[in-house]
Every structure is written in C-alpha cells, then in structure tokens.
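Being a predicted model, the structure only gives us computed values, none of them experimental. Remember, it's 1-based here, ligands and their atoms both numbered in the order they're listed.
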Amino acid sequence: MSEYDIAVIAGDGIGPEVTHEAMRVLEAAQEIFGFRVKRNEFPFGTEHYLETEEIFPETAFEEVKGMDAIFLGAIGDPRVPVGLIEYGIIAKMRFELDLFVNLRPIKLYDERLCPLKDKRPEDIDMVIVRENTEGAYAGMHGFCHKGQHHEVATQTMIYSRVGVERAVRYAFEMARQRNKRKQVTLIDKANAVRAHDIWTRTFAEVAAEYPDVKTDHAYVDAACMWMIKNPEWFDVAVTTNLFGDIVTDLGAMLQGGMGIAASGNIHPGKVSLFEPIHGSAPKHAGKQIASPVAAIMAVSMLLDYLGEKEAGRKVEEAVADLLRTQRLKGVQTGQHPTGEVGDMVVEELKSTAAHV
Ligand code: IPM
Ligand code: MG
C-alpha cells in the first residue's frame, strides 16, 4: 500500500473550517482507493503568530521539505501588517521550495454556476500556468524619502531565462497531456512592459520543439476580454506571476466563484503545495458558511500529484455530480453549511466508488 506524508497548514479565517472538510474527503479517499496518508498538522498562521511571534520556524520548514505534499487552507488576517504572514508562509514555500508553477484549472461543471450568458461546460475548460517564483513577487522593492511629499517607491519585476523557460515548457507539456485543443496562449504585456520580450522569445523557442501544439498570444488586457467573450478559445495559457494572480480570479468567476477554484504550487518531482485560491475571508470565519469545495478540489489536485490519479478524478467527479444534480446548489458563501458539503462529498465519493 502506498503511503504519503503530507503537511497540513489550515491557517487563518475560514482556513480551518474548509481544511477540516477537505481532510474528511481525503480520509474517505484513502479508505476507498487503498492508500495511506500521514497528516502532519502545523499551527502556523496569524493566531499562532500573535500568540508566539513565530511565523514559520526553520525547524518546521525543514520537516515540511521532507514531505510528499503540503495542503494549505488560507492565510491572511487584518490584525497583522499587510503581507507579513503571506510572505512568511505562502511566498516562503513558493520561493524556498522553488515551486515554479502555479497551476490553476478553470473548469465549469454546470452551466448554472457561470455568470456568462449561453456558456456551457464544454466552453469553459482551461488551465492557467502561472509562473510562481519571479516577476513582481520577487520581493525586490524599496522606498526612498519615505513619508515626504517627494517619496519614491519601486518594485522590480524580474524574469530569468531559466524561470520563464521552465514555466513555458510546463505549459506545452500540459497542452500535450490534456490533448484538447492542443494550444498554448502566452499572456503578457510585451507592448508596454518591454522586459516581457524575454517571454516572447523564450515562448517562440520552446514552441519550436512542440510542432504538434498550436501557439497563440494575447496581451493581458485583451486576455481578460477574451476570457469573458470567448472562453472556449482557451486551452492552456502561460503567464507571469502577477498577471496569473489577476486572471485566475477572473477565471474563478467563470467556473462559479472563489468557492470552487483550486491550485497547485508545483515543482515536478518535489514536495508541492495545494491550496484553494480564495483567501481567509475573516468576516465569514467560524460561522460554517464558507464553501469547502475549493479546498476539496485542492485535495483532488493533491491526489493527482501524488500519483493517486483515480482517487483525484473521483473526488472531482463527486463534486461535479453533486453540482450537476443540484444536490449541491452552488459554491457561494451561505448556500450550504460548510460541514454539510463535506458530508455530501464523502457520501457521493463512497457511492460512486462502490465498484472500485
Ligand atoms: C493567490 C493569492 C496570493 C498571491 C496572496 C495571498 C499573496 O492572491 O494565491 O492568488 O497573490 O499569490
Ligand atoms: Mg490571488
């Protein structure tokens, strides 16, 4: 029987509630599909920081490095300075574990979830490959004359040839593997941000190695427009860290909202991190009204990454079936109690997998 070690950081706000349901689904999947997961829970997040002044100690970080995967609920809390916990936990793992791809699937499971008129599930099925260790997130910022009327603030976006190439290559591999439109769209802003020329050139060079995959390009402003107007044109898209952050919130709305969108922060072959893309929503915390579906979809991605492909697919199908049959009315806050959604997914998983 395969055994996996995973780190679980439930985090802030609604993080613990949605993580609880996601872990129940993971447990059910273990029983049904016959593998074992050892969960190592870490208390990091704002509450822990306020109590101990500890964000993510190196000893714990070393332990996490030795795991097969990491699950994160949500991070962020208005009681502490902006970015402190985000950089200390999420960004630390993304950068120091070199999780260079942020994989964000956008898939519509039922047309009632989509705010666009006349778009059906077959029209919305794309994957955004967000470069995850560089760009505007590299932390290279500064201020001078701080607080004075002529203050200057800078933040440098960085793009290395290696960093761009590995994200682009991942996108081409993904397009082959999905075998849908077999197309990769490069989303950049090379007409204004001239440094994006490194994306233009690298994309062309990598594309030449994949003659079976079509290429496409959109400036980020136009990409936002096309994602709404013709989402069916997209298969795999690759983009910078910041643009990927932005277009994936837009993409989440196409599939039903932040209550369903999940992501994987991946370094193939190494410990990788799976999380819902939503934040900690402090105002909803502790009320059992948040949708745990995005966290459950993150478990589906985590299983797929661990090599438990069938379990991953069945978790996704269980959620999709519940939505299609409207037993799960939706993924908005307050539509179902958080725990009830966990119950439904566990039950559905058990019944659809009865003949495994
Ligand atoms: C995301 C989040 C993070 C990001 C925040 C919490 C730093 O918005 O994962 O999309 O900007 O990457
Ligand atoms: Mg974001």
**Study point:** Ionic contact status for R161 with E165, cut-off 4.0 Å
**Key:** yes

Check your understanding: Would you call D221 and K189 a salt bridge, taking side-chain N to carboxylate O under 4.0 Å as the test?
Key -> yes

**Study point:** Sidechain N-carboxylate O distance under 4.0 Å for E316, R313
**Key:** no

Review point. Should T185 and D216 be marked as a side-chain hydrogen bond (donor to acceptor under 3.5 Å, both in side chains) after you check the CA-CA gap, both sets of side-chain angles, and the distance that decides it?
Key: CA-CA 4 Å; T185 304; D216 177 40; 2.7 Å; yes

**Study point:** Closest protein heavy atom (residue, atom, distance) for atom 8 (O) of ligand 1
**Key:** D245 OD1, 3.2 Å

**Study point:** Sub-4.0 Å heavy-atom contact, Y87 with ligand 1
**Key:** no

Check your understanding: Are any non-hydrogen protein atoms located under 4.0 Å from atom 5 (C) of ligand 1?
Key -> no

Exercise for review: For ligand 1, note which part of R94 has a heavy atom under 4.0 Å away: side chain, backbone, both or neither.
Suggested key: side chain

Point to revise | Residues, nucleotides or ligands: over 12 heavy atoms within 6.0 Å of H149 NE2 | key: no

Point to revise | Protein contact of atom 11 (O) of ligand 1 - nearest heavy atom, named by residue and atom, plus distance | key: Y137 OH, 2.6 Å

**Study point:** Under 3.5 Å: N/O of E86 near N/O of ligand 1
**Key:** no

Practice item. Give the single entry among E275, R104, H278 that approaches atom 1 (C) of ligand 1 most closely by any heavy atom. Key: R104

Revision key, fill the gap. Here the N/O/S atom of D245 closest to the Mg ion (ligand 2) would be OD1

Check your understanding: Is it the case that N191 and H196 place a side-chain donor and acceptor less than 3.5 Å from each other?
Key -> no

